[in-house]
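Report on one structure; see the data block that follows.
Both ligands and their constituent atoms are indexed starting at 1 by order of listing. Reckoned from all heavy atoms, side chains included, excluding hydrogens, waters and symmetry mates.
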Amino acid sequence: MAETKLRIGALYPDQMNIYADRGNIAVLSNRCKWRNIEVSVTSVGIGEALDSEQFNLIYLGGGQDEDQRRCAADLIENKRAGLVAAAENGSVVVGVCGGYQLFGHWYELGEERIAGVGLLDVETTRSNGPRLIGNVAIATALPGCPDGALLAGFENHGGRTRLLEGAQPLGSVVSGHGNDGSSGNEGCRAGNVIGTYLHGPLLPANSWFADWLIAAALRAGDGLPQLDDDLEERAHVAACRAAGVKPD
Ligand code: GLN
């Protein structure tokens with residue numbers, strides 16, 4: 001492993017944490033501890049600058065429009081430069097739902113346009129149509145993972161996200177709505193920067209993906225030592241079945 005410690009930066013854990021998205025941090029942290037890999041979790045809140053060197057994994061969870069508004073200006077002012085530099089250095093940056101939207105260029109609600117940090121080439125518009133809610137499963141194509149490996153979770157968003165030309169989705173929708181309910185795309189990935197609408201929280205139901213993120217953050221090209229994932233497998237199977245999809 002090129003790096004021996006997972007250094008997690010959790011952005012706005014007080015505001016951006018719907019569906020207990022902090023469970024994702026607990027999974028990352030515990031899967032390191034169980035392997036005797038050192039791990040630290042540091043919250044970075046409103047008004048605090050983000051040092052690009054401090055973390056090798058940066059996480060931003062989901063939030064209501066109102067909470068997103070509160071964090072968005074701060075994200076631009078105090079954290080954008082650090083985020084961009086961290087992404088350029090190959091750090092892992094993960095945004096879920098509201099966090100995903102803020103990693104794009106903007107989130108537009110009627111006349112109002114909330115600027116995002118532009119880490120991902122996506123744009124989001126709040127629709128007057130129904131919220132996109134329900135269980136969801138997507139087939140991914142991630143380096144080092146079997147093609148079509150499934151991520152399963154739960155989505156609930158009013159925003160519709162559009163990938164700009166050349167942007168790559170995180171996966172294709174097998175069941176559920178995904179980015180906009182019609183494109184068949186879910187999420188976006190640009191190297192180690194990942195955005196997705198999947199709550200659940202995402203990682204307890206998809207421990208293989210937690211390991212993919214940890215390995216990427218640690219530059220662990222040979223992967224990570226195996227864990228006894230009996231319980232995690234069952235959570236994955238249950239989440240896939242809830243989305244009406246046969247588990248892989
Ligand atoms: N407020 C955003 C929307 O409804 C994001 C919601 C979320 O994070 N679940 O589109």
* Asked: Is there a donor-acceptor contact under 3.5 Å linking the side chains of Asn179 and Arg160?
  -> no

among protein heavy atoms, the one nearest atom 3 (C) of ligand 1 is Gly158 N, 3.4 Å

For ligand 1, is there an atom lying under 4.0 Å from some heavy atom of His199?
yes

Tell me whether Arg162 is salt-bridged to Asp180, with the criterion being a basic N under 4.0 Å from an acidic carboxylate O. no

shortest atom 1 (N) of ligand 1-to-protein heavy-atom contact is with Asp65 OD1, 2.5 Å

Note: heavy atom closest to atom 5 (C) of ligand 1, options Gly63, Gly95, Gly159, Gly62, belongs to Gly63

Going by atom types only, do Asn17 and Tyr12 share a side-chain donor-acceptor pair under 3.5 Å?
no

Should Arg69 and Asp65 count as an ion pair when the cut-off is N to O under 4.0 Å?
-> no

* To do: Please state whether the rings of Tyr197 and Tyr100 are parallel, tilted or perpendicular, taking 30° and 60° as the class boundaries.
  => perpendicular

Side-chain donor-acceptor pair under 3.5 Å between Asp21 and His199, yes or no?
-> yes

**Asked** Would you say Glu155 touches ligand 1, if touching means a heavy atom closer than 4.0 Å?
**Response** no

With heavy atoms and a 4.0 Å threshold, my read on which part of Ile18 contacts ligand 1 is side chain

Contact region, Tyr197 to ligand 1, non-hydrogen atoms below 4.0 Å, reads neither

- Task: Answer yes or no: is there an ion pair linking Asp229 with Arg234, defined by an N-O contact shorter than 4.0 Å?
- Result: no

If you scan protein heavy atoms around atom 9 (N) of ligand 1, the nearest is Cys97 SG, 2.8 Å

of all protein heavy atoms, closest to atom 2 (C) of ligand 1 is Gln68 OE1, 3.2 Å

